[in-house]
Amino acid sequence: MSLTIGAHVDQTDPLAEAAARGTTLVQFFLGDPQGYKGPEIRYAGGADGLRADAEAAGVDLYVHAPYVINVATTNNRIRIPSRKLLQQHVDAAASVGAKGLIVHGGHVSKGDDPDVGFDNWRKAVEATDLKVPLLLENTAGGDNAMARYLDRIARVWDAIGSASQAEQVGFCLDTCHAHAGGNPLETVVDDVLAITGRIDLVHCNDSRDAFDSGADRHANFGTGQIDADLLAGVVRSAGAPVVCETPGGPEDHKADFAWLRERL
Ligand SMILES: [Zn+2]
């Protein structure tokens, strides 16, 4: 099976990182993944240079949005800057020619009505100019998460579906998050497809932690707690491009790519 398999890499020179791994697909952050400061292009040639060089090299770029973005929350002091940061990252991702911007589902606070969170997602999609596809990613932990358990993902998807630009919202399935979040990998692809109708990208990661533990610690393939056949089965049935967000550098990633290819 020929799927493109790439990795999450350092943002300074994503094309050199792609070459070092022998891949044509990389994901990276633009700026600080933990801060509200806004995107930053660290590539020497700037955004235009990165776009042109990636095109010339035939490398697909994906941008991962900062972890601090939480468009679902009822807390204005987080939701408002989150929306601003989301638009800034969509714009920056478009400027480098990225195929998509990956954003976590976010969460509401303890005691909040999750319905407000679903509707906040709709409003965020309405309010953002989606110049590149926004790929909503499932997350591993928390009881108040919007995209941990399938029933919540269905509610978010329902809410987003009524927004204009809904067709610009896709789904990124993370295998570590699904496993640690308590969604059986035997059925997760079918379960997600029944809700979203699409899986645009797979984050393929093994998990250091047990099923439904709620922990988010990625592991290299074969070193974690996910069954090898199940992991490969998700990638095979999703049929989407793959990003390995596993630990280590080029050699570790090449070993992960080979491990996965052998099983596809
Ligand atoms: Zn991920």
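No hydrogens, no waters, no symmetry mates; every other heavy atom, side chains included, goes into these values. Read the numbers this way: they start at 1 and go in the same order the structure lists the ligands and their atoms.
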If you measure from the Lys or Arg side-chain nitrogens to the Asp or Glu carboxylate oxygens, is any gap between D158 and R155 under 4.0 Å? no

I need the protein N, O or S atoms closer than 2.8 Å to the Zn ion (ligand 1), given as residue plus atom name. E137 OE2, D174 OD2, H203 ND1, E245 OE1

Suppose we call two aromatic rings close when their centres sit under 6.0 Å apart. Are H218 and H177 close by that rule? yes

Which pairs with one or both residues in residues 15-36 pass side chain to side chain donor-acceptor pair (under 3.5 Å), sequence neighbours excluded? H8-Q27, E17-R21, R21-H253, Q27-H203, Q27-E245

Check this for me: R208, atom CZ, are more than 12 non-hydrogen atoms of other residues, nucleotides or ligands nearer than 6.0 Å? no

Taking R263 first and then D229, would you say they form a salt bridge - that is, a charged N and a carboxylate O separated by under 4.0 Å? no

Should the pair W157 and F171 be assigned to parallel (<30°), tilted (30 to 60°) or perpendicular (>60°) ring geometry? perpendicular

